[in-house]
Amino acid sequence: MKYDIVINGGGMVGQAFALSMADANYSIAIIEPNNPNPALTEEFHTRVSAITPKSEQLLKDIGAWGLIQRKHAFTDTNVWDQNSHGALEFHAKDESLDYLGHIIENDAIQSALFAALKKTNVDFIKAKLENIKKTDNGYQVILDNREQLECELLIASDGARSRIRELSAIEFSEHNYQQKAIVCNIKSPNGFKDTTWQRFLSDSIIALLPLSDTHASIVWSAQNSLADELIALDDHEFAKRLSAGVEYRFGEFEVLSSIQAFPLIERSSKEYVRENLVLIGDAAHNIHPLAGQGVNLGFADVAELSSQLCRSDKSLANYSVLRQYARARRLDNELMAKTMTGLNWIYKENNEPLRWLRGFGMNIINETPALKSFLQKHALGNS
């Protein structure tokens, strides 16, 4: 079975890349052992993403945006700090925008991508990648069902624990934050006003991401010991702690889903490309969820790589073209990763001078339109 492009990993980023190349007359296969088309239920799923206008444009360009079954636009972002009296607000109207982005369930994005791919000639192969072998013209891919594929270009879109990265012995840096992100869905009697909310506490960070007027997904980043304490609570006690953590601004929360947690580890691959091989998305980089930028960085990888490949008159896996992709994306990805690590450290420390400086800085930014506009444009992916 020979293909021009084989993609290992059929999540949001892998499917988006396949769709971005589907009209370029290449034969493409996606290897995915799990269900690439998750079913949506009436209840919101707990894993969501804050999709920027730049990512929205990519999804429109590849024909998936209009197929997303539900999405909630947010017009404002509000950040406030427990200890420093600092506050920072971003408003779409300040940039003459209708909204800053959309909160969308990951499953809804993936389902839309799958629906769009069904209209193409991209093949889905339900198997697990077991091994890879470099050949003169690309790669041989060995699957756990004993099938073998050959391709000119192999794409690793297989997540933070990338099997292809491991088999290729590509080194990566790793920073364990010794934290967990707790996620669940909640309901508020007061509503969320089409605003994403983030509060920095002395021991954790709470983010509220609205899924509707009264429903939201939460991401509560906390040190491991506190996270373990929180996830051991029953729903009622957890809701009380969460409501108190955001000063009861939204009334008494009700927990609507299971409460889950996953470790926070930042990883950055030291190589994004090799001959006939490219890493994209979390296989190349994954960051702290502080600003909700993870999948947006992955979609930016997709946009850059597909653009480089489609406008080049060289062979599909030309190494100089692949290196142009790596150079274009590495700086932005690493800058975002280091920024998130730095912000996490700043808000984790609670000595008096730093608290004062933190609040002072937030208020200065909030009162300086040009600086706030710069930061907002960067967050929207327009830097």
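Note that this is a predicted model, so its numbers are computed, not measured.
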Stacked cation flag K180 on F262, 6.0 angstrom / 45 deg: no

Any residue meeting side-chain contact (heavy atoms from CB on, under 4.5 Å) with T41, in chain and number order, not counting sequence neighbours: E43

Within 6.0 angstrom of D234 CG, more than 12 heavy atoms from elsewhere: yes

Min side-chain heavy-atom separation T196-P210 under 4.5 Å: yes

Trace of the side-chain contact (heavy atoms from CB on, under 4.5 Å) decision for L279 with F172: CA-CA 12 Å; L279 275 60; F172 60 95; over 6 Å; no

L167-I170 co-clustered via ILVMFWY side chain contacts under 4.5 Å: yes

Straight-line distance of R323 CZ to Q308 CD, nearest 0.5 Å: 12.5 Å

Centroid separation H72 to F74 less than 6.0 Å: no

Inter-residue atom distance Y319.OH - R274.CZ, 0.5 Å rounding: 8.5 Å

Side-chain donor or acceptor of D203 paired with backbone N/O of Q223 under 3.5 Å: no

R199 side chain vs N78 backbone, donor-acceptor pair below 3.5 Å: no

Within 6.0 Å of NZ in K126, more than 12 heavy atoms from elsewhere: yes

From CA spacing to verdict: side-chain contact (heavy atoms from CB on, under 4.5 Å), D107, R47: CA-CA 8 Å; D107 282 359; R47 299 299 295 272; over 6 Å; no

Contact check, side chains of L226 and S204, non-hydrogen atoms, under 4.5 Å: yes

N/O donor-acceptor pair under 3.5 Å between K134 side chain and Y139 backbone: no

Non-hydrogen side-chain atoms of I103 and F44 separated by less than 4.5 Å: no

Side chains of K54 and N296, donor plus acceptor under 3.5 Å: no

Under-4.0 Å salt bridge between D301 and R329: yes

T120 side-chain N/O to L117 backbone N/O, donor-acceptor pair under 3.5 Å: yes

ILVMFWY network linking L277 to I5, side-chain heavy atoms under 4.5 angstrom: no

Hey, can you pull the donor-acceptor pairs under 3.5 Å for the side chains in residues 14-21, sequence neighbours left out?
| from | atom 1 | to | atom 2 | distance (Å) |
| --- | --- | --- | --- | --- |
| Q15 | OE1 | F114 | N | 3.0 |
| Q15 | NE2 | G10 | O | 2.8 |
| Q15 | NE2 | P36 | O | 2.9 |
| S20 | OG | F17 | O | 2.7 |

Step-by-step side-chain contact (heavy atoms from CB on, under 4.5 Å) determination, H45 to N106: CA-CA 8 Å; H45 195 266; N106 293 353; 5.8 Å; no

Heavy-atom donor-acceptor pair, N276 side chain to E152 backbone, under 3.5 Å: yes

Expected output: side-chain R241 to main-chain L233 donor-acceptor under 3.5 Å: no

S188 side chain to N190 side chain, donor-acceptor N/O pair below 3.5 angstrom: no

With E105 via side-chain hydrogen bond (donor to acceptor under 3.5 Å, both in side chains) - residues at least two apart: R70

Aromatic ring pairing H285/Y272, orientation class (parallel under 30°, perpendicular over 60°, tilted between): tilted

CZ (R327) with more than 12 external heavy atoms under 6.0 Å: yes

Residues, nucleotides or ligands: over 12 heavy atoms within 6.0 Å of R311 CZ: yes

Hydrophobic cluster membership, I164 vs V6, 4.5 Å side-chain cutoff: yes

Hphob cluster co-occupancy, V278 + L129, side-chain heavy atoms under 4.5 angstrom: no

For E147, salt bridge (charged side-chain N to carboxylate O under 4.0 Å, His left out) partners two or more places apart: none

Backbone N/O of A283 and side chain of R165: donor-acceptor pair under 3.5 Å: yes

Flag if over 12 foreign heavy atoms under 6.0 Å of CD, E171: no

Flag, side chain of W197 to backbone of F192, donor-acceptor distance under 3.5 Å: yes

ILVMFWY cluster, M1 and L143 together (side-chain gap under 4.5 Å): yes

Trace of the side-chain contact (heavy atoms from CB on, under 4.5 Å) decision for L230 with F238: CA-CA 7 Å; L230 290 170; F238 182 88; 4.2 Å; yes

Whether T46 side chain and N185 backbone form a donor-acceptor pair below 3.5 Å: no

Interatomic spacing from CG in L113 to CG in N37 - rounded to 0.5 Å: 10.5 Å

Neighbour count above 12 (heavy atom, 6.0 Å) for K187 NZ: no

Partners meeting side-chain contact (heavy atoms from CB on, under 4.5 Å) with D76 (sequence neighbours left out): H91, T195

N/O donor-acceptor pairs under 3.5 Å from side chains in residues 56-68, not counting sequence neighbours:
| from | atom 1 | to | atom 2 | distance (Å) |
| --- | --- | --- | --- | --- |
| E56 | OE1 | Y99 | OH | 3.0 |
| E56 | OE2 | K60 | NZ | 2.9 |
| E56 | OE2 | Y99 | OH | 2.9 |
| Q57 | NE2 | D61 | OD1 | 2.8 |

Contact check, side chains of S55 and T52, non-hydrogen atoms, under 4.5 Å: yes

Side-chain donor or acceptor of S162 paired with backbone N/O of D158 under 3.5 Å: no

Side chain to side chain, L153 and Y26, heavy atoms closer than 4.5 Å: no

